There are 2 protein chains.
Amino acid sequence: MTDTSGAAAGRRRHRVREEALADAMRIARRLLVEEGPAAVTVRAVAREMGLTAPGLYRYYAGHRELVQALVSHLYDELAAALAAARERQPADRPGPRLREVARELRRWALAHPNEFTLLFAKPVADADTAPGAAAHDPSWRFGTVVLGLMVELWRRGGVRVPADLDPGWAAQLEEVREHLSGEPVPLEAIYVFVASWARLYGAVAVEVFGHLDFALTDPGPLFEHTVDDVLAMLGDPAA
Amino acid sequence: MTDTSGAAAGRRRHRVREEALADAMRIARRLLVEEGPAAVTVRAVAREMGLTAPGLYRYYAGHRELVQALVSHLYDELAAALAAARERQPADRPGPRLREVARELRRWALAHPNEFTLLFAKPVADADTAPGAAAHDPSWRFGTVVLGLMVELWRRGGVRVPADLDPGWAAQLEEVREHLSGEPVPLEAIYVFVASWARLYGAVAVEVFGHLDFALTDPGPLFEHTVDDVLAMLGDPAA
DNA sequence: GTGAATTGTTTACACCGTTAACTCTAATGA
DNA sequence: TCATTAGAGTTAACGGTGTAAACAATTCAC
């Protein structure tokens, strides 16, 4: 009647499919949050979508793909949260921006322990996360927010570059540099970036997984101290 | 015939039971290593022990208890490995001892990723790990090896205590202090211990979970640098 | 020897991932 | 327009899982 064009119909079926996929993600997410990682199951998601288990196979090739899609979805969400945090500070002050982003990373992780666990503690590297194929994997999307600010800090000078850079690293760090929008960042600075990144990420992980519970009820100040250190290492002029 | 004493029989049945428990742990461990965490299952362990699934319930109340026992077992093994590493350095040099222990922690984690994941990334604190009931939980057994060396370092002086200690921490740190064999360690020093511990643990975790793979093929030197920092923070005279 | 633990078993139920075969509906194309 | 085809969904089935109940057998204690 109104529109019998094939292209429009094609677009519509595509849209419906997209909505079903989004629905599955919404449900999987809720199961993860409310009942833990073990609850995000093919049958449970299918059930809540109003269809039988094999029906879900029209959308995901199996349980593995389902949770992989969820992981990717969560990386995007985290990246968006970090980007939003970054925008809460003036663009010309990368130091405060990085601090805000670091805080948001911790906040997000603490507020979403199940999600963070899924992202952080994938038992074994997915094999396609080998060094080199960095830019394509989902985790890059949120790491890049932090890395971008570090580049910004480097541009303003002040990053304390180490004198003795392990020679074996040149090749890999080179690889990372290529993904930094062609910035001529020296390898020594990239090394500092990686070290800083590892420190922030590690601090959050240790706290989220409760390995500080034996001593601290509020590790917040400890984390602030870590951020101070990292910013000092990156030569934040406002630190 | 030889011995019909009830006590001896009781001891024997007890020994047999202990052996069955040890057997279960051995099998669970192998399954964890060779086929991942998902493979350590009640039925699989029972099967390999030569009995039916419900039979295993005479030894473990359920799947949860089984893997909990495995976790405890692994904590003990890790603690033993760290203690052995500690003994590889002279007793009067706590700095090198701590370095050796830190290296062993990393080595163990990298050599046993599945085990480390199980220990580190328990999705949610087991609720009995709340601050206070520290000394009883299995993780204390291996954390104490590191903490003990830190106390030793403090005793030689040199630990840089922070001037501004968050007042809210006094109570919990006090709790930790009590488990340090009655040493009169100042709370500020204990704060440094916790911070150092978090840093080491976090560095290992980030590496084991592959979050440095995007940049580094060999994060070893980075870890050495972290140990340097920690030892400096603890005022190692030999650093 | 008798009673009671201890250690197993078989059976059963509900859930899981996944495959195969089938139906129905909607888009496609001559 | 009408036959064809691709897509979405179904039911049935297989092997795997955790766990509970009821039962049998062995071994310990007195």
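Residue numbers begin at 1 in each chain, while the letters A, B, ... track the order of the sequences. All figures in this text were calculated on a predicted structure; none of them were measured in a lab.
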Spacing of [X] atom [atom1] relative to [N] atom [atom2], expressed in whole Å:
X: Tyr59(B); N: dT6(C); atom1: OH; atom2: P; result: 12 Å
X: Glu19(A); N: dA8(D); atom1: CD; atom2: C1'; result: 16 Å
X: Tyr60(A); N: dG9(D); atom1: OH; atom2: P; result: 13 Å
X: Glu65(A); N: dG17(C); atom1: CD; atom2: P; result: 13 Å
X: His14(B); N: dA29(D); atom1: NE2; atom2: P; result: 13 Å
X: Glu35(A); N: dC15(C); atom1: CD; atom2: C1'; result: 13 Å

Between the first and last five pairs of the helix from dG1(C)-dC30(D) to dA30(C)-dT1(D), the angle of the axes, rounded to 10 degrees: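 Its terminal axes enclose an angle near 10°.
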
Short question: side chain of [X], backbone of [Y] - any donor-acceptor pair under 3.5 Å?
X: Arg97(B); Y: Arg86(B); value: yes
X: Ser72(A); Y: Gln68(A); value: no
X: His225(A); Y: Pro221(A); value: no
X: Glu48(B); Y: Ile27(B); value: no

Taking only residues two or more places apart in sequence, or in another chain, which ones meet Arg107(B) in a side-chain contact (heavy atoms from CB on, under 4.5 Å)?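 Per chain and number, Arg107(B) pairs via side-chain contact (heavy atoms from CB on, under 4.5 Å) with Arg88(B), Glu100(B), Arg103(B), Glu104(B).
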
Tell me whether the centres of the aromatic rings in Tyr191(A) and Trp169(A) are closer together than 6.0 Å.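 Yes.
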
Looking at the rings of His211(A) and Trp197(B), which for Trp means the six-membered one, are their centres under 6.0 Å apart?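 Not close enough - the centres of the two rings lie 6.0 Å or further apart.
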
At under 4.0 Å between heavy atoms, how does the protein contact nucleotides 10-18 of chain D? Give one character per nucleotide, 5' to 3', with B, S or -. BBBB---BB

Any heavy-atom pair between the side chains of Val40(B) and Leu118(B) that's under 4.5 Å?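 No, side chains not in contact.
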
For a quick test of reading the model: is some side-chain N or O of Arg17(B) closer than 4.0 Å to OP1 or OP2 of dT7(C)?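 The answer is yes; a side-chain N or O of Arg17(B) sits under 4.0 Å from OP1 or OP2.
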
